[in-house]
Amino acid sequence: MDTITWIVDVTTDLSTNCPQLTEAARMLQNNEVVSFPTETVYGLGANAKNTDAVTKIYQAKGRPSDNPLIVHIADVEQLKEFADMSSAQVAILIERFWPGPLTLVLPCKPGVLSTRVTAGLDTVAVRMPDHPVALELIKRAAIPVAAPSANLSGKPSPTRAEHVAHDLNGRIAGIVDGGPTGVGIESTVISCTGDVPVILRPGGVTKEQLENVIGQVIIDKGIENENEAPLSPGMKYTHYAPEAPLAIVKGNRENIQRLIEQYQKDGRKVGILTTEEYADTYKADVVWACGRRDRLETVAAGLYNSLRSLDEKKLDFIFAEPFPEVGVGRAVMNRLLKAAGHRIIEV
Ligand code: AMP
Ligand code: MG
């Protein structure tokens with residue numbers, strides 16, 4: 001299959017023109033799979049009402065079929081068709097955080113969406129992305145769009161159209177290239193089906209931000225504790241992993257440097273993932289600075305590109321510094337721990 005790329009200039013007014021988006025929207029209506037940028041990462045979209053279309057997403061990604069998809073909408077009216085949004089908390093969350101990087105898991109009304117979207121669950125995950133391309137595309141397609149991240153299953157999520165092409169060229173109908181994404185890690189997933197909302201996946205919206213508007217929110221124990229099964233099907237899979245083994249190294253930088261040198265002695269090529277503050281203090285085959293530690297949102301924005309770029313250097317081992325688990329740092333560490341397969345070295 002030839003994959004078409006449509007380049008869209010996000011600085012222009014997309015609502016009046018942009019024939020590329022009309023073409024991409026038509027592809028979605030024809031039950032083809034199209035990748036598009038959101039404010040978090042690039043999504044791989046398909047008509048959420050059509051089982052053939054949704055099946056193509058799973059096939060293109062090699063995604064396990066028990067891992068449900070997030071449905072993307074451009075208008076709250078679309079949601080009423082397939083989800084129960086009667087809870088007061090849900091109305092507040094929508095008002096405060098949409099469009100934005102917050103996915104709500106809600107009771108699903110049967111008979112509207114393909115059951116492949118929800119992997120047979122009686123709940124559905126849904127969000128309204130805060131990106132002009134995503135919103136305009138969904139609006140023109142006029143259908144709910146199921147969209148996981150547009151990477152091969154298990155690989156780091158794509159934050160640039162080149163990442164999508166690298167993983168999925170020839171496997172999908174098209175890619176809308178709207179430049180690099182902003183937040184850089186996936187949405188926060190929050191279940192709103194019980195009395196107290198539960199964070200199933202940390203992401204762009206922090207626990208602190210959520211608690212400020214709806215009070216108590218709990219974090220699924222399965223996310224942070226390796227020995228408990230997570231409530232969200234997708235959280236059990238190894239994810240975001242680069243080809244080279246990755247380990248998080250805890251300790252002072254002198255000891256980390258010594259560890260790098262030990263590994264290099266055996267002729268291995270070693271990379272270190274650090275931040276701008278400390279990049280000068282290391283000597284390794286590759287020293288990669290990912291954003292600034294004093295602004296963790298910059299680390300989130302650059303994390304997946306860093307993992308993919310380090311991968312291109314064909315290293316034998318990658319070490320990564322840990323980050324404080326507060327605010328968006330919680331989501332950064334969640335992704336880094338998964339990328340490392342929970343390998344932590346203390347030096
Ligand atoms: P991705 O599409 O790769 O960003 O991942 C979506 C995440 O949302 C995965 O971790 C899914 O398991 C999770 N998810 C989607 N739908 C549901 C649902 N109905 N209940 C719980 N988790 C869900
Ligand atoms: Mg994903």
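No hydrogens, no waters, no symmetry mates; every other heavy atom, side chains included, goes into these values. Counting starts at 1 for both ligands and their atoms, following the listed order. In what follows, residues are counted from 1 in the order of the sequence shown.
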Ignoring hydrogens and angles, state whether a donor on the side chain of [X] or [Y] is under 3.5 Å from an acceptor on the partner side chain.
| X | Y | result |
| --- | --- | --- |
| T274 | E321 | yes |
| S157 | E186 | yes |
| Q29 | N47 | no |
| S15 | R140 | no |
| N151 | H166 | no |
| R308 | T159 | no |

Heavy atom under 4.0 Å from ligand 1: found in K61's side chain, backbone, both, or neither?
-> neither
Is it the side chain (CB and beyond), the backbone, both or neither of V105 that lies under 4.0 Å from ligand 1, heavy atoms counted?
-> side chain
Who gets closest to atom 14 (N) of ligand 1 by heavy atom: P68, C108, P148, G43?
-> P68
Heavy-atom distance to atom 18 (C) of ligand 1: which of L121, I57, T103, T118 wins?
-> L121
Ring-face cation of R253 near Y282 (centre distance under 6.0 Å, axis angle within 45°) = no
Per-atom contacts, ligand 1 versus [X] - under 4.0 Å to a heavy atom:
| X | answer |
| --- | --- |
| L200 | 21 (C), 22 (N) |
| T123 | 18 (C), 19 (N), 20 (N) |
| I70 | 6 (C) |
| A125 | 15 (C), 16 (N), 17 (C) |

Distance-only N or O hit between ligand 1 and R201, under 3.5 Å = yes
Please confirm if an N, O or S atom belonging to S149, backbone or side chain, lies less than 2.8 Å from the Mg ion (ligand 2).
-> yes
